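One structure below.
Computed from a prediction, not measured in an experiment: that's the story for all the values here. In each ligand, atom 1 is the first atom listed, and ligand 1 is the first ligand listed.
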Amino acid sequence: MGYRAKIGLEMHCEISETNTKVFSSARNSYSVTPNENIRAIDMAFPGILPVVNKEAVKMAIMASMVLNCQQPKYMYFERKNYYYPDLPKGFQLTQETKPIPVGIYGHVDFECNGKVCRVRINNLHLEEDAASSDHLYDTTVIDYNRAGVPLLELVTDPDLTSADEAVAFLEHMRTVYQYLGISEADSKKGQIRCDVNVSIMDENLDPEEPSNFGTKVEVKNVNSFGGVRDAINYEIKRQTKLKEEGTYDDMPQQTRRWDEESQSTIFMRSKVDAVDYKYFVEPNIPKFKLTDEWLEEIRKSIPELAFDRKNRYMNEYGLSEYDSDILVKEKKISDFFEDTVKLGTDPKEACNWVNGMILSYLNYNMITIDEFYMTPDMLHDLIKLIDDKTISSKQGKEVFAKCLEQQKEPVQIVKDEGMMQITDESSIEIIVDEVLAEQAEAIKTYDPENPKALDYFIGQVMKKTRGKANPSTAYKMMKEKLDNMTK
Ligand code: ADP
Ligand code: MG
C-alpha cells in the first residue's frame, strides 16, 4: 500500500528592516560583534517597560495582507513563560491565544515543478526573538544582539505533500518578504528558521478528512532549506518503515530535532512531556486599535511583488517566462537589472548579461550582488560600447572579465588597453590594400564562388590590426576588391 505525506510548516522570519527592535529601542541590525545592539530591557533589567515598534507592526500587517489573511481590529501581546539562559526575562512576548494575531486563515499560491500549488495559512504572528548562545570549546557565552529582534511566525495548515513543495513554498515566502522590504530573509544570517511537521497516511483514505491523518511529528529548528528537504525526506522514510513494521500506530506525537552531522532526526520529547507555557496577556502593553484608515494606508503601500514584476518583464519587455523567472527570484538581482534598464539599456541585452555572465560570475565566486564590483552604470556603459561598435562582442566579454579582475570601469579598460575597434572605412581600406599588395600569390587562387575563400584575407587584416578592424566592414570591402580584381 502507498502512503501520502501531510506536511505543515512553522516558518520564522526575522524582520530585518526596522530601525529598532520590536519592544526595545536598541538598533535592529545584524552584527558579528557580540552584545553591540542592546538596551537594558534586552538584558531583562527590572522596571523597564516595552514599547511596541509601530514600523514592525506595519510590516507584519503588510505580510498578513499579502498572505490573504484576516487582520485584527485590536492587537495584544502575550507572555509565553519559560526560562532559558538566552531568554533572561523568563518569557517571550508573542501572540498565541487571542483570536487574531496579525493574521489568520489566509492562503498562498506558489509554483512547484511547473504547477501552481496552494497552501492555507493558519496564522501569522509577531513576536520577539531570543538571544543566542554561542558554544565555544569548553564554555557557552550569550550574545544579546538578537534578543528582541522582531520575528514573524507563519503557521501553515498541513497542506504540503512533499519536500519539494515545502522548499518551493519557503523560497516563495523568502521572495515575498524581500519584495515587501521587510527582511533580507537570509538563512545564512539565521534570519529564517523552521519547524517542520510531518505525518503520513494511507493513500486510499480521504486526504481532506482530519480523522484520517497520521500522528504529527514535529522537527524543531531546521535552519536551512536544504535541511528542511532532508528532514522531511528522512521523516517520510522513517515513518513509512514504521508503517511497514506495523508499529506506526504506537508512535507517540513527538518533537524531534534535525541533526546535520548524522543526517537524521533525533527524538527530543513526546507530547505528554509538553511544556505548559502558561500564556497570559502582557500587562505592560495595553491592547491597541488598528483603525480601518491605517489598515487601508498599509494596503496601499504594498509594493510590486515578484509575480507582478515577472508579468511586467514578459509583457512590457518581451522577455521569456524562463528569463523573467530567473530575474525576479532575488529582489536585488531584479533591482540591478531594472536600474540598468532605467539608464536606457535594451531590456533583452541587459537580461542576457545579468542572467548569463553576471549570475555565473556570482555563483562561481560564491558572492552576492552586494559584493559585486560592477554597478548598473558600468553594465550600461559596457553594453553601449558593444552596441556602438567601439568594441566587438567578443571583446565585451574580455572587458567584463578585466573590469572585475582589475576593479576598473569598462570605459577605462577599453581606453587603457587601446581596444577601440577600427570602424572608420578609410583606415580599414588602407589595411585591406596593404594585404592585397602582399598577397599576390593567394589572389591567383581566389574563388569568388567559395564563401570560405575570403577567410584567409580577413585573417591577414585582423593580424595587422590585432583583431580591432570591424569585421563586417573589412569583409565587405575585401570581397568587393577581390571580386573586381579577379573578374
Ligand atoms: P500544536 O497544537 O501541536 O502546536 P498545531 O495544530 O497548532 O499543533 O499545528 C502545528 C503545525 O503542525 C502546523 O503547521 C500544522 O499544519 C501541522 N500539523 C498539524 N497536524 C498535522 C499532521 N497530522 N501532520 C502534519 N502536520 C500537521
Ligand atoms: Mg512560536
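Closest to atom 26 (N) of ligand 1, if we only count protein heavy atoms, is N197 CB, 3.4 Å. The protein atom (non-hydrogen) at minimum distance from atom 24 (N) of ligand 1 is S199 OG, 2.7 Å.
Of the options I121, T156, D157, the smallest heavy-atom separation from atom 13 (C) of ligand 1 is shown by T156. Which of K6, M201, K216, E218 comes nearest to atom 10 (C) of ligand 1 through a heavy atom is settled by distance: it is K216.
Using a cut-off of 4.0 Å between Lys/Arg side-chain N and Asp/Glu carboxylate O, K80 and E96 are scored as not salt-bridged. Look at D206 and R4 and you find no salt bridge, because none of the NZ, NE, NH1 or NH2 atoms lies under 4.0 Å from a carboxylate O.
The distance from ligand 1 to the heavy atoms of V155 drops below 4.0 Å at these ligand atoms: 13 (C), 14 (O). In the vicinity of G214, heavy-atom distances shorter than 4.0 Å reach the ligand 1 atoms 23 (N). Close approach of ligand 1 to F213 is summarised as follows: ligand atoms under 4.0 Å from at least one heavy atom of the residue are 23 (N).
Side-chain atoms of T265 and D259, non-hydrogen and from C-beta on, never get closer than 4.5 Å to each other. For the pair Y179 and S334, the minimum side-chain heavy-atom distance is below 4.5 Å.
The cationic atom of K287 (NZ for Lys, CZ for Arg) does not lie both less than 6.0 Å from the six-membered ring centre of Y76 and within 45° of the ring axis. Cation-pi geometry between K289 and Y74 is satisfied (NZ or CZ under 6.0 Å from the ring centre, within 45° of the ring normal).
Only the backbone of L9 comes within 4.0 Å of ligand 1, counting heavy atoms alone; no side-chain atom from C-beta on gets that close.
For K271, the heavy-atom gap to ligand 1 drops under 4.0 angstrom.
Proximity of a side-chain donor or acceptor of N81 to a complementary backbone N or O of K278 within less than 3.5 Å is detected.
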